[in-house]
Amino acid sequence: MKTQLENIYKNAAQDLEKASSISDIEEIRGKYLSRKGEFNEIKKGLKDLSDADKRIIGSLANEITRKLEDALKSKYDEFYKKELNEKLEKEKLDVTLPGKFTPVGHTHPITSTTNEIVSIFQTLGFSVVSDELSPEVETEYYNFDMLNVPKDHPARDVQDTFYTKLAKNVVLRSQTSGAQIHAMEGKNPPIRVISPGRVYRNENINARKNNFFHQIEGLYVDKGITFGDLKGVLNEFIRIYFGASRPTRFRSSFFPFTEPSAEVDVQCIMCEGKGCRTCSGTGWLEILGAGMVDPNVLRGVGIDPDVYSGFAFGMGIERLAMLKYAIDDIRLFFNDDVRFLEQF
Ligand code: PHE
């Protein structure tokens, strides 16, 4: 047994001599020192020896395994250092190299214009409705029916409105006015809200029209709200957004859900009112539609028009951005050209 032990040690020492990496060392450790290793096999035979032999062979076995362990350990340390150094050398960092340039993104002009308009109305006491009250995929019920739009109104035509295949009567909203109905349904005045969002129209795309764009809807319903309140709020908004010197005008108009109705124009900033291509020679550009909420609409959502009145308005965000920044083509907002977007 003694020679057996010595032979095993000799073999192990030879193996260790040949080892060239940490994983070789682990292999040797497994082969000789693990529970199933060669030394353990020998130690199992100890029980058949006499007590005296047991002591001699046992201590020899312990001595040899300890020796082997020490040898493994020092080789291990040696390889560990070597491999670590190689790794450090390979992964060396040159902290003086210039960094990679990552361009910083910024807010899209439609988003920043929306934020600006929203914050102006917030200072005037309006709050933004939650997203659930302002869905982009809408039923005809909210987009048209409840807004007093007759069944045969041309806006309902597929040439103007996108119908989905989700179900009959489900449309991509053509205006944010449906948010008025969502905001009033099941609630009691006072209601003073705005709702920004995207709308879709089946248009031929050109410099002035895109088949989707953005609007902000506003609604104020309470006792004793008059057309004077409507004019006051909108004039104040225009004064803050465009500055006091920009001429504006109210023009009477028609919408099925407001009576009376008006449209608001601001003087064309491209030509200062002289008349140009952008304003089709009129000197004015329309920025919003508005009016007193039609009694039929109030009745539809269970608000008594003999007690309450209100006004509503809807403005085109692209239009407002174009006017402020003198942009003459609406398509610039949508084709993601960073040379354009970077300017904002
Ligand atoms: N929804 C109308 C449009 O898209 C604008 C509007 C909103 C008019 C609210 C009156 C009241 O043109």
Side-chain angles (χ1 to χ4, degrees), residues 114 117-118 121 124 126 128-129 133-136 138-150 153-157 159-162 171-184 191-203 208-221 225-227 229-235 237-238 248-266 284-298 300-301 303 305 308-320 322 330:
T114 306
I117 299 170
V118 164
F121 281 105
L124 297 173
F126 289 77
V128 181
V129 300
L133 299 184
S134 187
E136 284 180 30
E138 211 23 307
T139 52
E140 276 191 278
Y141 178 83
Y142 287 101
N143 196 65
F144 296 125
D145 297 349
M146 293 299 277
L147 289 163
N148 206 31
V149 180
H153 194 283
R156 295 192 186 232
D157 201 279
Q159 255 128 50
D160 289 305
T161 297
F162 289 113
V171 300
L172 300 185
R173 67 174 171 192
S174 62
Q175 51 185 355
T176 43
S177 297
Q180 289 183 38
I181 306 301
H182 288 288
M184 288 190 285
I191 295 164
R192 186 160 33 163
V193 292
I194 47 172
S195 174
R198 187 175 282 190
V199 301
Y200 301 83
R201 288 186 194 173
N202 198 352
E203 303 272 14
R208 292 157 61 99
K209 283 179 176 168
N210 194 48
N211 54 7
F212 67 85
F213 56 100
H214 298 78
Q215 289 188 325
I216 291 191
E217 194 76 13
L219 173 73
Y220 188 7
V221 181
I225 301 293
T226 68
F227 202 88
D229 297 309
L230 165 64
K231 280 194 86 167
V233 165
L234 291 179
N235 276 333
F237 163 74
I238 291 163
T248 57
R249 68 179 186 191
F250 275 70
R251 240 179 329 105
S252 78
S253 184
F254 175 81
F255 298 100
F257 37 93
T258 48
E259 183 60 34
S261 303
E263 278 173 317
V264 175
D265 300 335
V266 300
W284 295 94
L285 285 162
E286 181 208 320
I287 55 162
L288 63 88
M292 301 305 291
V293 181
D294 194 288
N296 269 343
V297 173
L298 292 176
V301 291
I303 293 175
Y308 295 104
S309 55
F311 66 77
F313 57 86
M315 54 182 82
I317 297 174
E318 282 77 4
R319 214 10 115 64
L320 285 158
M322 289 166 83
I330 194 170

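Start at 1 and go down the list; that is how both ligands and their atoms are numbered.
Those atoms of ligand 1 that come under 4.0 Å of a heavy atom in Thr258, given as number and element, are 10 (C), 11 (C). Each of the atoms 9 (C) of ligand 1 lies under 4.0 Å from some heavy atom of Gln180. Ligand-side atoms of ligand 1 in range of Gln175: 1 (N), 2 (C), 4 (O), range being under 4.0 angstrom from any heavy atom. For ligand 1, the atoms closer than 4.0 angstrom to any heavy atom of Gly314 are 6 (C), 7 (C), 9 (C).
At a 4.0 Å cut-off, not a single heavy atom of Met315 sits close enough to ligand 1 to count as contact. Using a 4.0 Å cutoff on heavy atoms, Phe257 counts as a contact of ligand 1. Ligand 1 has at least one atom lying under 4.0 Å from a heavy atom of Arg201.
For the 3.5 Å distance criterion, the side chains of Glu217 and Ser195 fail to qualify, holding no donor opposite an acceptor. Of the N and O atoms on the side chains of Asn143 and Ser174, at least one donor lies less than 3.5 Å from an acceptor on the other residue.
Aromatic pair Phe313/Phe121: centroids less than 6.0 angstrom apart. Between Phe311 and Phe227, the ring centre distance reaches or exceeds 6.0 Å.
Of all protein heavy atoms, the one lying nearest to atom 9 (C) of ligand 1 is Glu217 OE2, 3.3 Å. Counting protein heavy atoms only, atom 6 (C) of ligand 1 is closest to Gly289 O, 3.7 Å. Annotation: atom 12 (O) of ligand 1 to nearest protein heavy atom, Phe255 CE2, 3.8 Å.
Of the polar atoms of Ser174, none of the N or O atoms is found under 3.5 Å from an N or O of ligand 1, judged by distance alone. Considering backbone and side-chain N/O atoms, Ser177 comes within less than 3.5 Å of an N/O atom of ligand 1.
Taking 4.5 Å as the limit, every side-chain heavy atom of Phe212 sits out of range of all side-chain heavy atoms of Leu172. Contact of the Met146 side chain with the Phe257 side chain is not registered, since no non-hydrogen atoms from C-beta on lie closer than 4.5 Å. Two residues are said to be in side-chain contact when any heavy atoms from C-beta on lie closer than 4.5 Å; Val297 and Met184 meet this criterion. Two residues are said to be in side-chain contact when any heavy atoms from C-beta on lie closer than 4.5 Å; Ile330 and Arg208 fail this criterion.
Only the backbone of Ala290 comes within 4.0 Å of ligand 1, judged by heavy-atom distances.
The side chain to side chain contact (heavy atoms under 4.5 Å, CB included) search around Glu286 returns Arg251, Glu263, Asp265, Arg319, not counting sequence neighbours.
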